[in-house]
Amino acid sequence: AYSCSEALTTGRRPGGSGSRDSCCDLASGDSRRETPRRCASRATGGASWLAGRRTASLRPEVAVRAEVGSPESLMRHLADGLLDIAVLYSPEARPGFLIEKLMDETLVMIASRPGHNGPGAADYVFVDWGPDFDAWHSDQFPQYHGAGLNVSLGALGFRHVLTNGGAGYFPARVVAPEIAAHRLFPIIGAPQFLRPFHVIYPAGGLSESTMDALASLREATRDEARMS
């Protein structure tokens with residue numbers, strides 16, 4: 001998910017008690033696997049880590065679960081102990097939790113055809129990347145008065161541009177393969193938006209599998225940063 005948040009989970013199922021975490025069945029039908037520990041990601045780094053599933057080779061008994069939700073709800077679930085790790089662009093600082101920067105994400109304007117007029121065109125898609133992006137976008141494009149399509153989920157806007165045409169801001173790493181294949185085109189001279197994303201997690205009491213997930217997430221984002 002590029003704009004909403006997704007939750008990833010790792011953990012152990014209790015054996016023989018008959019009582020299971022409500023998300024266990026969604027994570028794996030194999031009762032030998034650990035029950036999911038929830039973590040969440042608003043940024044694309046979480047999706048990249050999920051695609052690589054680095055904990056699969058390190059901890060084959062660990063199951064991972066992904067969920068989608070708003071950053072506000074995921075922060076609330078994190079505080080309530082329903083999530084273990086959150087990867088967000090602008091996490092809310094809370095007592096008892098640590099915030100760690102993972103890497104910077106660059107949003108670039110792309111279009112389905114060369115010579116697109118960007119925000120001035122009727123098929124421009126505005127993605128809600130958060131209040132900081134909204135304010136920056138208003139400063140960069142003062143004549144912009146609203147797009148024909150506004151979406152809160154970046155993946156939805158991205159699919160719309162690929163399928164129906166248009167333009168919008170999306171993560172550079174996500175659009176790079178489509179640009180290389182000439183299915184999308186960068187808008188030359190368009191400003192870029194740089195934003196960091198962070199991981200937030202409890203300051204203490206982490207399980208071994210959650211610490212492994214954090215370590216593999218850090219490694220994945222370092223690899224992404226070196227390749228970008």
Side-chain angles (χ1 to χ4, degrees), residues 1-15 17 19-28 30-105 129-132 152-154 195-225:
Y2 305 132
S3 179
C4 279
S5 300
E6 65 197 37
L8 313 174
T9 63
T10 63
R12 184 179 304 279
R13 288 194 178 183
S17 65
S19 65
R20 298 179 296 180
D21 187 319
S22 61
C23 66
C24 294
D25 293 328
L26 296 179
S28 172
D30 186 351
S31 61
R32 296 169 297 176
R33 284 191 166 231
E34 294 189 359
T35 49
R37 277 248 155 285
R38 286 167 279 258
C39 30
S41 170
R42 179 179 171 87
T44 59
S48 299
W49 177 85
L50 178 63
R53 274 303 320 277
R54 299 184 180 220
T55 53
S57 58
L58 298 176
R59 298 288 301 276
E61 76 279 11
V62 172
V64 175
R65 177 187 172 186
E67 297 177 356
V68 175
S70 68
E72 295 77 14
S73 67
L74 289 171
M75 284 299 300
R76 184 170 60 253
H77 291 165
L78 186 67
D80 291 342
L82 301 176
L83 298 178
D84 298 298
I85 303 171
V87 181
L88 302 170
Y89 285 119
S90 301
E92 175 186 346
R94 296 197 178 191
F97 292 90
L98 299 177
I99 297 177
E100 175 184 333
K101 180 181 174 181
L102 290 175
M103 65 178 289
D104 290 317
E105 181 82 275
W129 292 108
D132 51 347
S152 61
L153 181 62
R195 66 189 314 190
F197 63 82
H198 307 78
V199 59
I200 178 170
Y201 52 90
L206 297 179
S207 69
E208 183 180 352
S209 58
T210 301
M211 289 189 289
D212 286 346
L214 278 170
S216 66
L217 179 60
R218 295 183 187 109
E219 181 184 0
T221 52
R222 285 195 298 267
D223 290 347
E224 289 281 355

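Just so you know, residue 1 is the first one in the sequence shown, and it goes up from there. What you are looking at is a predicted structure, and each value in this text was computed from that prediction instead of being measured.
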Report summary line: Heavy-atom nearest pair, His198 first then Lys101, reads CD2-CA, 3.5 Å
**Report entry** Interatomic spacing from OH in Tyr201 to CD1 in Ile85 - rounded to 0.5 Å
**Finding:** 9.0 Å
**Report entry** Spatial distance of atom OG (Ser73) from atom CG (Leu78) [nearest 0.5 Å]
**Finding:** 11.0 Å
Query raised in the report: Does the side chain of Leu214 come within less than 4.5 Å of Leu206's, by heavy atoms?
Result: yes
Query raised in the report: Stepwise, does the side-chain contact (heavy atoms from CB on, under 4.5 Å) test hold for Val87 with Phe197?
Result: CA-CA 7 Å; Val87 181; Phe197 63 82; 3.6 Å; yes
**Report entry** Leu98 side chain near Ile200 side chain, heavy-atom distance below 4.5 Å
**Finding:** no
Report task. Any chance you could measure Asp84, atom CG, to His77, atom NE2, to the nearest 0.5 Å? Result -> 13.0 Å
Query - Arg195 to Trp129 - nearest heavy-atom pair and separation - result: NH1-O, 2.5 Å
**Report entry** Closest heavy-atom pair and its distance - Glu100, Arg218
**Finding:** OE2-NE, 2.6 Å
Query raised in the report: Closest heavy-atom contact between Ile99 and Ala93?
Result: CD1-CA, 3.8 Å
